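A quick write-up on the structure given underneath.
Quick caveat: nothing in here was measured; it's all calculated off a predicted structure. Computation of the quantities below employed the complete heavy-atom set of this structure, encompassing side-chain atoms and omitting hydrogens, waters and symmetry-equivalent molecules. Chain A is the first sequence line, chain B the second, and so forth, proteins listed ahead of strands; every chain is numbered from 1.
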Protein chains: 2
Amino acid sequence: MSLKHGLLGLLNYGDMTGYELDKAFKASLNFFWQAQTSQIYRELTAMEKQKWLSSEIIPQQGKPNRKLYKITELGQNELKIWLSSTDSQDDLKVKKVFLMKIFFSAEVSSLETIESLKQYIKQCQSDLDAMALTESTITEYGQTVEDKRNMVYWASTANFGFSYLNLCIHWAQTTIKTLEEIS
Amino acid sequence: MSLKHGLLGLLNYGDMTGYELDKAFKASLNFFWQAQTSQIYRELTAMEKQKWLSSEIIPQQGKPNRKLYKITELGQNELKIWLSSTDSQDDLKVKKVFLMKIFFSAEVSSLETIESLKQYIKQCQSDLDAMALTESTITEYGQTVEDKRNMVYWASTANFGFSYLNLCIHWAQTTIKTLEEIS
DNA sequence: TGGGTCATGTAACCTGTTACATGATTAG
DNA sequence: CTAATCATGTAACAGGTTACATGACCCA
């Protein structure tokens with residue numbers, strides 16, 4: 001139940017429609033939390049039912065109406081409770097199909113595995129570019145937010161992303177070297 | 001759809017019951033893929049229906065019967081197809097509630113955040129111990145498997161685990177330092 | 001005598017994914 | 001003229017989580 005809290009966190013910065021939230025989410029939290037647009041709409045409906053949010057319909061001419069969501073006091077409380085709570089050991093684990101494939105790779109040739117690893121490195125590198133973009137978006141947006149302490153936290157999560165992707169690349173290179181030595 | 005393939009991979013080493021698979025899974029793949037016991041049973045039932053597995057009931061006196069699963073030729077094919085396929089960009093991302101909390105931590109005090117980070121470091125350290133245990137289990141088991149190439153791949157995934165946890169610790173320490181400097 | 005392990009699951013629920021629908025406006 | 005963008009979603013399904021059930025054995 002963290003997507004809801006992520007959305008609360010974003011709405012705490014300011015009112016937004018589902019559409020805007022979807023874009024804000026994908027521009028900021030997407031590296032460490034992924035969500036489908038349809039899922040965001042579903043959660044918003046549920047959150048309004050829970051009274052964490054209220055909404056206001058704003059008619060537009062030509063375009064469909066905007067449904068602007070606003071965090072309620074109850075929602076702000078919930079956000080703070082969540083921020084202060086300590087969960088969870090799950091966070092140490094990683095869900096990584098690629099590692100599972102590597103685990104079983106004795107079933108295929110080393111050459112094939114080396115190819116996959118090289119492919120993987122390329123993907124990591126293009127993700128590093130995407131991270132750099134996310135970072136600059138965040139930095140830019142940070143200028144407009146009053147509480148400058150946000151910047152420190154946003155930068156810290158971005159740093160995690162960079163270090164993580166660099167780790168992946170380094171790990172894949174080391175694995176390739178090992179495979180080349182034994183074959 | 002990767003839990004099924006993980007189970008196929010394990011059954012490719014030898015026949016096992018659901019119970020044994022659950023333990024084998026948790027002793028080896030658990031770091032990069034997590035699964036509930038009940039989920040494993042559900043997937044096994046589905047996989048037998050798909051003809052990826054066959055099963056044999058072995059009566060025991062006193063204890064409940066053992067239901068021993070065996071990978072079929074169809075299952076072995078499926079495993080190889082999966083191992084040779086290239087998915088997926090999802091693998092670059094991370095799902096980490098903790099990072100989402102850090103992102104929004106300007107809402108709580110720096111002291112509270114520093115506390116959470118210290119707590120987090122402790123968790124990482126105890127997970128490092130668990131990883132060391134997993135690694136030695138795998139190494140031991142590796143002695144009994146014919147194809148020694150398995151060892152290389154298993155070691156590589158374990159290395160990823162160690163590097164990752166060390167990265168988490170290092171990142172948390174750096175973040176604490178930054179927070180201490182500004183407060 | 002009470003708790004842990006062996007071994008099998010079921011049921012209900014929550015979360016995430018994929019595919020589709022609508023219909024006007026604007027940019028290339 | 002075509003594709004993308006704006007803005008809202010629904011439906012069906014797949015995958016993951018939590019809680020519970022059974023019953024005998026073994027160990028302290």
Over how many whole Å does the gap from B:Leu3 atom CG to D:dG16 atom C1' extend? 10 Å
Checking contacts here: which listed nucleotide (D:dT10, D:dT17, D:dT8) is nearest the side-chain heavy atoms of A:Lys67? D:dT8
Please classify the nucleic acid contact of A:Thr17 as base, sugar-phosphate, or nothing, using heavy-atom distances under 4.0 Å. sugar-phosphate
Is B:Lys96 close enough and on-axis enough to A:Trp33, meaning under 6.0 Å and within 45°, for cation-pi? no
Please give, in whole Å, the distance from D:dA7 P to A:Leu21 CG? 13 Å
Testing the basics here: between B:Gln123 and A:Thr86, what is the closest heavy-atom pair and its distance to 0.1 Å? NE2-CG2, 4.5 Å
In this structure, how many angstroms lie between the C1' atom of C:dG9 and the CD1 atom of B:Ile40, rounded? 13 Å
Rounded to whole Å, please give me the gap between CG in B:Leu68 and P in C:dC6. 17 Å
Over how many whole Å does the gap from A:Leu7 atom CG to C:dT15 atom P extend? 12 Å
Could you walk me through whether A:Trp154 and A:Ser28 pass side chain to side chain contact (heavy atoms under 4.5 Å, CB included), step by step? CA-CA 9 Å; A:Trp154 298 354; A:Ser28 56; over 6 Å; no
So what does A:Arg42 hit on the nucleic acid, given a heavy-atom distance under 4.0 Å: a base, only sugar-phosphate, or nothing? base
When you measure from the side-chain N and O atoms of A:Lys95 to the phosphate of D:dG16, is any distance below 4.0 Å, counting only OP1 and OP2? yes
For a quick test of reading the model: is some side-chain N or O of B:Tyr41 closer than 4.0 Å to OP1 or OP2 of C:dT8? yes
Nearest to the side chain of B:Gln36, heavy atoms from C-beta on, is which of D:dG15, D:dT17, C:dT17? D:dT17
Could you tell me the separation between the CD atom of B:Gln50 and the P atom of D:dA14, rounded to a whole number of Å? 10 Å
From CD of B:Glu20 across to C1' of C:dT8 the rounded distance in Å is 13 Å
Take B:Ser105 and A:Arg149 through the test side chain to side chain donor-acceptor pair (under 3.5 Å) and record every step on the way to the result. CA-CA 9 Å; B:Ser105 283; A:Arg149 290 199 310 131; over 6 Å; no
Taking only N and O in the side chain of A:Gln39, is any of them less than 4.0 Å away from OP1 or OP2 of C:dT15? no
Side-chain N or O of A:Tyr19 closer than 4.0 Å to phosphate OP1/OP2 of D:dT8: no
Just how far, in rounded Å, is P of D:dA14 from CE of B:Met47? 16 Å
Short side-chain N/O contact to D:dA7 OP1/OP2 from A:Lys23, under 4.0 Å: no
Would a line drawn from the ring center of B:Phe104 to the ring center of A:Tyr153 be shorter than 6.0 Å? no
